[in-house]
Student: 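Got a structure for you, written out below as structure tokens; questions coming shortly.
Each residue takes its place number in the sequence, starting with 1. Basis for what follows: all heavy atoms, side chains included, without hydrogens, waters or symmetry-related copies.
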Amino acid sequence: MNYRFVKLIYPVKSKDGNLTRISSLKVHLKNKSNSIYDTVDQFENEIGLKIKKTIVEVKKLVLLREIINLHNINGIKSMDQIRTMVKQIESGKEILSSRGLPNIKFVKTKYSEWVLFDGHHSLLSYMIAGRSYLHEIPHFIVENENGYVNDKEILIFFGIHSKILNDSDWRKYVINWQAPKEGQLCKREQKNMGELFNSISVF
């Protein structure tokens with residue numbers, strides 16, 4: 001594997017609400033050990049380069065509720081942050097970084113599972129504000145040339161705890177970076193974003 005693709009996707013206002021603007025960049029890996037995080041960093045450093053932008057009609061709808069989370073509800077650190085972001089979305093603004101980039105990032109497995117590896121607070125905020133489908137929110141997608149990432153690559157999301165997981169075991173676990181080191185790797189309680197959303201009782 002010599003490269004990954006990073007796709008930057010924004011919703012486009014349209015009559016049917018099913019158009020997206022996709023910017024795609026082929027990110028050449030500096031070495032074979034480059035992680036998905038390294039790819040995102042390299043993409044953000046190269047975003048000033050000319051990248052292909054296209055308007056695409058969404059054919060296959062992806063429910064936000066079915067996306068796999070990497071945090072249980074006790075790993076969501078700030079309900080106040082979510083409340084603030086919900087107000088921002090309801091006022092007509094998107095949740096973006098200071099550079100105008102989404103902070104919601106996904107990979108897709110070879111089994112067509114969507115995995116959220118960054119932006120849990122933001123995605124929950126969009127769900128609370130009434131968004132239901134992936135194409136309705138700004139987001140990143142990182143993928144290999146075959147259109148997905150393998151289970152071994154996903155282990156990077158568990159940091160130092162990845163060494164005790166087998167490749168496919170990650171589906172049974174989540175990470176809680178708010179906990180002490182020995183308690184960060186947790187058994188999965190909410191199996192997807194829908195269950196995580198249902199666990200929020202403050203709205």
Side-chain angles (χ1 to χ4, degrees), residues 1-12 18-64 66-71 94-120 122-123 126 133-171 173-175 177 192-193:
M1 183 177 64
N2 298 315
Y3 58 86
R4 292 191 180 99
F5 287 104
V6 177
K7 294 179 180 179
L8 187 58
I9 302 176
Y10 296 89
V12 174
N18 62 346
L19 296 181
T20 59
R21 185 178 82 245
I22 300 178
S23 303
S24 182
L25 183 67
K26 187 177 183 179
V27 178
H28 292 271
L29 305 183
K30 295 178 180 178
N31 57 67
K32 291 185 177 181
S33 64
N34 273 27
S35 72
I36 291 169
Y37 288 130
D38 294 327
T39 300
V40 171
D41 288 343
Q42 192 173 335
F43 172 85
E44 292 183 342
N45 290 334
E46 296 177 5
I47 191 67
L49 301 177
K50 185 177 180 181
I51 57 178
K52 183 179 180 182
K53 298 180 180 179
T54 55
I55 302 296
V56 177
E57 182 180 358
V58 178
K59 300 291 187 181
K60 187 175 181 180
L61 300 180
V62 176
L63 277 169
L64 297 178
E66 294 179 355
I67 290 169
I68 297 175
N69 51 302
L70 291 183
H71 301 312
E94 304 288 8
I95 306 299
L96 303 170
S97 73
S98 57
R99 299 182 64 190
L101 300 175
N103 63 350
I104 298 176
K105 303 179 181 74
F106 299 100
V107 292
K108 187 167 67 171
T109 73
K110 64 180 178 180
Y111 304 108
S112 295
E113 303 159 301
W114 288 90
V115 182
L116 174 66
F117 70 90
D118 195 10
H120 284 67
S122 299
L123 186 54
Y126 276 111
Y133 297 101
L134 183 57
H135 70 274
E136 296 175 333
I137 64 170
H139 60 281
F140 274 100
I141 299 173
V142 181
E143 59 187 33
N144 295 330
E145 53 195 290
N146 52 19
Y148 59 83
V149 301
N150 61 48
D151 285 341
K152 187 173 183 179
E153 291 174 281
I154 289 175
L155 296 185
I156 190 67
F157 305 142
F158 295 86
I160 60 173
H161 308 286
S162 62
K163 58 188 177 184
I164 66 174
L165 296 175
N166 295 320
D167 290 2
S168 61
D169 277 355
W170 67 265
R171 293 172 177 83
Y173 295 91
V174 296
I175 198 77
W177 298 120
N192 55 36
M193 288 303 297

Student: Apply the test side chain to side chain contact (heavy atoms under 4.5 Å, CB included) to residues Ile141 and Ile9: give CA-CA distance (whole Å), side-chain angles for both, the deciding distance (0.1 Å), then the verdict.
Tutor: CA-CA 8 Å; Ile141 299 173; Ile9 302 176; 3.5 Å; yes

Student: Determine yes or no for a side-chain-to-main-chain donor-acceptor pair under 3.5 angstrom, with Asn69 supplying the side chain and Asn192 the backbone.
Tutor: yes

Student: With distance as the sole test, does Asp38 use its side chain to make a donor-acceptor pair with the main-chain N or O of Ser35 at under 3.5 Å?
Tutor: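 Looks like yes, one N/O pair under 3.5 Å.
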
Student: To the nearest 0.5 Å, what is the distance between CG on Asn34 and CG on Asn2?
Tutor: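 The CG atom of Asn34 sits 11.0 Å away from the CG atom of Asn2.
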
Student: Using a 3.5 Å distance criterion without hydrogens, assess whether the side chain of Gln42 forms a donor-acceptor pair with backbone atoms of His28.
Tutor: yes

Student: Would you say the side-chain atoms of Ser97 pair up with the backbone N or O of Arg99, donor to acceptor, closer than 3.5 Å?
Tutor: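 Judged by distance alone, yes, a pair lies under 3.5 Å.
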
Student: Which heavy atom in Pro138 sits nearest to a heavy atom in Tyr10, and how many Å separate them?
Tutor: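 Shortest heavy-atom separation between Pro138 and Tyr10 comes out as CB-CD2, 3.9 Å.
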
Student: Sequence neighbours left out, what pairs pass ring pair (Phe, Tyr, Trp, His ring centres under 6.0 Å) with at least one residue falling in residues 94-116?
Tutor: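 Matches after skipping sequence neighbours: Phe106-His139.
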
Student: In terms of relative ring orientation, are Tyr133 and His135 parallel, tilted or perpendicular, with 30° and 60° separating the classes?
Tutor: parallel

Student: What is the minimum heavy-atom distance between Arg4 and Thr39, and which atoms define it?
Tutor: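 So the minimum-distance heavy-atom pair works out to NH1-OG1, 2.7 Å.
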
Student: Take Tyr173 and Ile164 through the test side chain to side chain contact (heavy atoms under 4.5 Å, CB included) and record every step on the way to the result.
Tutor: CA-CA 11 Å; Tyr173 295 91; Ile164 66 174; over 6 Å; no

Student: Output the distance between atom CG (Leu19) and atom CD1 (Ile55), rounded to the nearest 0.5 Å.
Tutor: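 Here the rounded value is 7.0 Å.
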
Student: Do you know the tightest heavy-atom contact between Ile95 and Ser122?
Tutor: CG2-OG, 3.5 Å

Student: Closer than 3.5 angstrom, by distance alone: can the side chain of Asn144 be matched with the main-chain N or O of Asn146 as a donor-acceptor pair?
Tutor: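 Absent.
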
Student: Of all heavy-atom pairs between Leu8 and Pro102, which one has the smallest distance, and what is that distance?
Tutor: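 Scanning both residues completely, I find the closest heavy atoms to be CD1-CD, 3.2 Å.
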
Student: Between Tyr126 and Glu94, do the side chains contain an N or O donor and an N or O acceptor separated by less than 3.5 Å?
Tutor: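 Tyr126 vs Glu94: donor-acceptor pair found between side chains.
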
Student: Taking the side chain as everything from C-beta on, heavy atoms only, tell me whether Lys26 gets closer than 4.5 Å to Phe5.
Tutor: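 Yes - at least one pair of side-chain heavy atoms lies under 4.5 Å apart.
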
Student: Any side-chain heavy atom of Val142 sitting closer than 4.5 Å to one from Phe43?
Tutor: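 With C-beta onward as the side chain, the pair stays apart.
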
Student: CD1 of Ile175 to NE2 of His161: how many Å apart, nearest 0.5 Å?
Tutor: 4.0 Å

Student: Listed by chain and number, what are the salt bridge (Lys or Arg N to Asp or Glu O under 4.0 Å) partners of Lys108, not counting sequence neighbours?
Tutor: none

Student: Could you report the tightest heavy-atom contact between Leu70 and His120, atom names first, then the distance?
Tutor: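 So the two residues come closest at N-NE2, 2.9 Å.
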
Student: Calculate, to the nearest 0.5 Å, the distance between atoms CG and CD belonging to Leu61 and Glu136 respectively.
Tutor: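 Going from the CG atom of Leu61 to the CD atom of Glu136 covers 8.5 Å.
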
Student: Among Ile154, Val115, Thr109, find the residue that satisfies the side-chain contact (heavy atoms from CB on, under 4.5 Å) test when tested with Val149.
Tutor: Ile154

Student: For Glu153 and Asn150, which I'm curious about, is there any donor-acceptor pair between the side chains at under 3.5 Å?
Tutor: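 Their side chains do contain a donor-acceptor pair, which is all the 3.5 Å distance test asks for.
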
Student: Kindly compute the distance separating CG (Leu123) from CG (Asp118), expressed to the nearest 0.5 Å.
Tutor: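 Taking CG in Leu123 and CG in Asp118, the distance rounds to 11.0 Å.
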
Student: Show your working on side chain to side chain contact (heavy atoms under 4.5 Å, CB included) between Trp170 and Ile68 and close with a plain yes or no.
Tutor: CA-CA 11 Å; Trp170 67 265; Ile68 297 175; 4.0 Å; yes

Student: Any idea which heavy atoms bring Trp177 and Phe157 closest together, and the distance?
Tutor: CZ2-O, 3.6 Å

Student: Give, for atom CD1 of Ile67 and atom CD of Glu113, the distance between the pair rounded to the nearest 0.5 Å.
Tutor: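 These two atoms lie 12.0 Å from each other.
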
